[in-house]
Structure formats: C-alpha cells, structure tokens
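Below, read A as the first sequence line, B as the second, and so on, with proteins coming before strands; counting in each chain starts at 1. Because the structure is a prediction, the values reported are computed rather than measured.
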There are 2 protein chains.
Amino acid sequence: MMARTSEPLDPKRPSSRKQRGATTILDVARRAGVSPMTVSRVVNGEKNVRPATRAAVLAAVKALNYSPNPAARSLAGAEAARIGLIYSNPSASYLSEFLVGALDEASRTSVQIMLEKCEATSAGERGAVRKLVASGAAGVILPPPLCESHDVLDELRISGLPTVAVATGRFGKGASCVRINDYAASREMTNYLFTLGHRRIGFIKGHPNQTASIEREKGFTSAFADAGFKLDPAMMVQGYFSYRSGLDAAETLLTLKQVPTAIFASNDDMAAAAVSVAHRKGLDVPGDLSVVGFDDTSIATNIWPELTTIRQPITAMAEVALDLVVQAIRNHKRSGGEAKSVDHLVTYSLIKRGSVASPKGAPKPAAE
Amino acid sequence: MMARTSEPLDPKRPSSRKQRGATTILDVARRAGVSPMTVSRVVNGEKNVRPATRAAVLAAVKALNYSPNPAARSLAGAEAARIGLIYSNPSASYLSEFLVGALDEASRTSVQIMLEKCEATSAGERGAVRKLVASGAAGVILPPPLCESHDVLDELRISGLPTVAVATGRFGKGASCVRINDYAASREMTNYLFTLGHRRIGFIKGHPNQTASIEREKGFTSAFADAGFKLDPAMMVQGYFSYRSGLDAAETLLTLKQVPTAIFASNDDMAAAAVSVAHRKGLDVPGDLSVVGFDDTSIATNIWPELTTIRQPITAMAEVALDLVVQAIRNHKRSGGEAKSVDHLVTYSLIKRGSVASPKGAPKPAAE
DNA sequence: CCACTTACGGGTAACGCTATCAATGTGCCG
DNA sequence: CGGCACATTGATAGCGTTACCCGTAAGTGG
C-alpha cells in the first residue's frame, strides 16, 4: 500500500461545519469568565452558585441576548418528551378530533407523538404498550375505549410510565384522567326531556364494562328518582355502544305494549339506530318519538333529523391530557417518586337539534 | 498528592449516562449491517443508495420501530422540516384516517406537522395558507375537499411552497397529487352491478365542482356505453355529497314510474341516505333495491345493511403524500429549482358487503 | 490546628444525528 | 489495461447542552 496520511487535517482548525450565528452557552461562559457548566447552572436556576457568579453570568446572558438551544437541551437529556398515544377502535370522528387536539398541543409544546394502533385482544394491548416503551415513550395518553382496559393499564403500571386517560370514569388506578361529568350530563339531558313533557323515556345502556355507561345510567335513573316520576324497568334495555346493538335495543323498546315517547341512547350511534328503526316502523321523529344521543360524534349531524345530544369538547380534552402527561413526566424525572394522579373535569354542553319535540297530546312544556 | 486515577474508567463500558430505551440510528445500522450514515441517508430519502441496501435498512427500521430523534436531528444541522396540513371539513372518518397516516409517517421521518383548520370561505382559506407560511411551513398537504379549492391552490402557488393534494382528480396546477383512479373504480363498480343482473341503475352524482365527481360519473356512463346497455337519463340525479342531498336524490329516483333496481351513489353518505329512504318507503335492501357507495367511510359499516363500496386506502395515501412533500422540500432546497409535480396513483378495492343482491326475477348472475 | 463536611465550580463525556470527505467499488473510454 | 468519472458506503467530527464525577475552597467542631 502506498503512503497514506489519514491524519484528519489540522485538529486546531475548527472551521469545518457551517456557522449558525446563534450565541451559544460557550460564548456566554467566556464573556462571564466561567465554565459553560456554571452558565448552565445559572440558566437552569440551580442553587449552588455564588450570587456574584450568578450575577456575572446573568449579565453576560443579557448582553449577548443568549437563549438556550432547545434541541441541544433536550438531546442532552433534559427532557425526552416523546409520548405515546394508543388507540384501538378507529372510531372515526372521535379519534379525529382527539388527534387534532393532541397534535396541536404537541406542536405547541414541541413534544413528539408516537401513534400505536392495537388489536382489542389482551396480547395486542399489552404488545402495543411494550412497543411504545421500547420506542422510548416517556408517557402515554389513552383515548377511549382503551382507557378502560385492564391489560393496558396494568402493563403501563408495570412500566411505570405516567399515563393520562381521557373520558374514562374510572379514576385512580395510578393514571390521571380527563373527562366530563357523565353523571351530571345524563341527568341534565333527562331533565330536559322532562321539561318537554316526556315521562315514558326509554334508555339504551352502553357497554356494561365501561365506566361511562354506568355513570350515564345512574344520571338517568337518579333524575327520575329526584323528579318523583316512576321509571318502568322495561324502559331500560341493554346496548353495547354499537349501531347494531342500538337496532336491537330500539326494536325491543318500540315493540312494547306501551311504547316510550322518547328514547335516550347512551351514545350517538345507538341513537341513530333508534331513529332508523322508528322510520322503518313508520314513526315520525320527532313527531311520534323523540331521540337523544350522547357524544356529539359526526353521525349526530349526518342523519336526519339531526340528533340532540351531549357534546364533549374532545379536542380540548386531548390538549389537556397531553399537557398533563408532559407535566407528569417532568415531575417523574425530577422527583423520581410516585406521581399523584389528578382527575380533571371539563365542561360538556347539551346540544339541541331537531330530533326532539314535546310528546303528542302533552301539555305545552313548562317554561324553564 | 495521593495516587489518582483520573482515567475515565474502562472506555469500553458505555454505561454512564441514563438509559432511555429509545432505539437509535445505531441500533438500526447494526441490525441492517450498514453504517449509521447509510441509515440516515435512507431515512431521509436521499438517492445514492443501492435498492438492496435501502430495503435492508427499511426492514430494520420497521423491525425496530425506529423513529429519529428530532432534537438530535435539528441539532446536527438539518433543520426540522415543518409541514402544514390544512383541513376544512371535519369529515370525521376521513380526517381521522388521514391524520393517522400523516402522523405515523411524520413520526417516522420526524417532521413536524402543523394543523390548520379553515373556514370554507375564500378569505378563510387564504388566511389559513398565509398563517401556515408565517409559521414557517416548508410544504403543505391538502386532504379533500380543500385540494380542489382555487383559493388555496392559488395562495400556495404564490408562496411557492411544495404542495401535495390528496384524492383530487385535478392534476397539474403546480401541485402533486395522490389519488385513486376514480374513473376505473366507478367503472368496476358499475360492471359488478351488471354481472349481478342489474340494468336499471340509478346514479347519484357528487358535488359538481369536485373533479372526483366528474370522474366517477364518467366511469359510470362509460361502463354503460361499453356494455352496450341503454342508460335512461332520468336515472342520473344531482347530489352534493351530503347525506341531506342524498335523501332528495334517492326520493327522486324512487318515485319514478319505473324505479331502479340498484342505486350507485357517488359517496357513502348519500348511499346511506338512499338506504334510509328505501326503508321509509317499505323497500327491502338489498331484496328490493341494491345500494352501493364510494369511499368506505365509517358510515358504510355503521348502518344496516352494510354498504358495498369502493375503499380508498386513505391512511396509506396520507403517508405517501407526506413523503412526497418531504422529498419535494428537499429538492426545493438543494436544487432551488422548480419541483416537477407528480401524479401518484394508489390502488383502490371494491368491498362487497350486504347492501347488494341480484334484482328480483333476474336470471342468476353470470359466473365471473 | 487537624480531620471532616459542604458549597462551589470545572473537566469530560455523552445525547443521536448529519455534513464532510475519504475510501472503496463499477463501468466506460481511449 | 490504465485511468478517470461516478455511484455507493464508511469514518470522523462536531451541533449546544447537561449529567456525572472530582477537585478545591470555605466552613465546623473538637
């Protein structure tokens, strides 16, 4: 082989890379006559720095108009800020709004979101969590219905990742959550139907193992109890949040000897199914039957008549959730200790649309 | 002074800093049997990499679920690409799938996505683009229906940003696009109805100023022409892609003296409306009337019977779109010259579900 | 005045990636 | 068949910051 000088040029010449004009921590350090480390300490508000030194550094910072490079900072280990988002049911409208919120907040706080879809099996759910952990997630947010999954929550607890569940009723369990007050919303809807004169109201329950279902049912029954109206047990039928289950439930309700004047479904899909069944039976909505839903998903406005329903501010909830995880991650890192989970309630709203009217032959609704 | 070993321990042991589980470019490189540099090249879509090598790297990336650390990337000098995503119509299911695709690809290539919702007015659309430009977007992707908007496209041309439109039929205009072949898909669907024995097929057109509408209509009529069947002009009615417009259109079709045996709606919402009208008129679907849609949005499976329809791989299309913008941005930067726009076709599929059957009294469908 | 803790500040090595350039391999021309 | 252009890949050196580990100076008790 011939002579080779694999000497990497003159090591003194630092002029290899491009020059970005930004002032660095090194510039500040030189000007203040200290080491970069000390500057870092001052900038980050750590304590063990003599006031005089601190002042000198601060002066230099100001003079040079220095501001730390966030990329370098996060690279150096300050905060990783990659958070995972697991979803299972591509429940279209919900997921979309949720993503919009999460993304928006993510770009604002410059955290990276990692999406992970998972099958609704135990193995699938646990696998998704592990995959996220392996990818370096520092926290996780869970939209429904995963936020109710034992497998997911359990696996997350094992991994010790800060977790925020959205729209679950189940609070505690080591995860924070962001939700509306399903119970109160359901009561309010029921009372609204009361004020219109409805007394025979059919209720289609949600999936029995989701907490929100239970809350919504409780709100409904307690409204009856508090108003002193009698609630016929035959008016409560089981549903599972799917359109299909809504068809069956509505069929049951509308073939009773004494049919209801209104149907309150635990979500919009089932409410839409109820409208469809009513139409097939020749009933006018809302003339012969009022129908209300819950969630204000897109189907609520994609059918006719449009559904009166409860709106959850999904986008805002996702933003809050993301915010909470980021905070949790920060605490987790500094203190290392157990993060205490929080329960964040956001406000819902009752959206009045065309699927509701006073029952036929009823007295004019009482003024509110 | 006493003995001091300021030797930094065993230099082989890299175990000093914290362990973030994240997989790094080094892991990928090792697994693929190449250098980190090559991985970087592949991930960033540079050209001078042999296809075999590229494939190996891609496989490793997938296997390890690798996603680049944006902090490190931007620190190393490549400024993080920020790309804008403007949407107007929160058409739930579509947007959701679209976002999933875009986000997924975004985390893979570690570009930042900036969401921007806009009103459907000229000012709103132009404002959204300007806002994105002001925020430092380096490129834009447009889901429908914005990809058809003159205002948006015009404003983008002015700003000179690389743009990729998804699911538009309008190609050229300085923007690249990703789409399916609406014309061919529509023909295929029509021919499918032919094979089942349908000859009297009602067609509900889409919004007249969207290119996809026109393509779909052309596919329908040309299938008739090629098969040599006569197409009754009364069978073609105007719709506007909304559920509401579908109700009116279906009403028109089903009150003709000679009703169709099948209805082909230009999208699922209108097809769902047709099913609803049929039910209200006491017609069985698919016994008395077959109904097919287009797009395979969530409503297709949220009604009963579920709709036979054309599925667009929305998620994949979003991924491709993002990829194209990123490449365009890179070219834009390197060459500075005009990026030539590309027309990327992806494959659709005909999804057969329960809303279709042979017409009553028709001969058994010909074997395919 | 000595042993011993504590406050302060510095040196060094990553963090994960890409720019740059050197070192191969490949093909074509004279 | 030398050699030169070009395609492909690897090695090295940072990007700006903080974590970790040690010195040194200053305070403390006996």
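B:Asp27 contributes a side-chain N or O that, together with a main-chain N or O of B:Thr24, makes up a donor-acceptor pair within less than 3.5 Å. Under a 3.5 Å cut-off, the side chain of B:Ser74 and the backbone N or O of B:Ala72 do not form any donor-acceptor pair. When atom types are taken as modelled, the side chain of B:Asn44 and the backbone of B:Glu46 share no donor-acceptor pair closer than 3.5 angstrom. In this structure, A:Ser176 contributes its side chain and A:Val342 its backbone to a donor-acceptor pair below 3.5 Å. In terms of modelled atom types and a separation under 3.5 Å, the side chain of A:Ser88 and the main chain of A:Ile86 share no donor-acceptor contact.
Between the CZ atom of B:Arg73 and the P atom of C:dC17 there is a distance of 8 Å, given to the nearest Å. Rounded to whole Å, atom C1' of C:dT20 lies 12 Å from atom CD of B:Glu46. The CZ atom of A:Arg41 sits 11 Å away from the C1' atom of D:dC20 (whole-angstrom rounding). C:dG10 atom P lies 14 Å from atom CZ of A:Arg30, rounded to whole Å. Here D:dT9 presents its C1' atom at 14 Å from CD1 of B:Ile25, a figure rounded to the nearest Å. Per the geometry, CG belonging to A:Leu26 stands 12 Å off C1' belonging to D:dC15, to the nearest Å.
Considering A:Ile83, A:Leu85, A:Leu132 as possible partners of A:Met114, the one that fulfils the side-chain contact (heavy atoms from CB on, under 4.5 Å) test is A:Leu132. Here the rule is side-chain contact (heavy atoms from CB on, under 4.5 Å) with B:Arg31, and of B:Val57, B:Val61, B:Leu64 only B:Leu64 fits it.
The side chain of A:Thr38 has C:dG10 as its nearest neighbour among C:dG10, D:dT17, D:dA11. For B:Met37, counting side-chain heavy atoms from C-beta on, the closest listed nucleotide (C:dG16, C:dA19, D:dG16) is C:dA19. Side-chain atoms of B:Thr24 lie closest to C:dC17 of the nucleotides D:dG16, C:dC17, D:dG10. Picking from C:dA19, D:dG16, D:dT18 the nucleotide with the shortest atom distance to the side chain of B:Leu75 gives D:dG16. Among C:dG10, D:dT17, C:dT20, the nucleotide with an atom closest to any side-chain atom of A:Ser35 is C:dG10.
Residues B:Asp104 and A:Lys117 are not paired through a salt bridge, judged by the lack of any N-O separation under 4.0 Å between the basic side chain and the carboxylate.
A heavy-atom distance below 4.0 Å to DNA chain C is reached by these residues of residues 50-65 of chain A, ordered by number: A:Arg50, A:Thr53.
Toward the 5′ end of DNA chain D lies the nearest nucleotide of B:Val49, the other residue of the pair A:Val43 and B:Val49 mapping further downstream.
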Atom pairs, N/O to N/O, protein against nucleotides 4-7 of chain D, distance under 3.5 Å?
none

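A heavy-atom distance below 4.5 Å is found between the side chains of A:Leu146 and A:Glu125.
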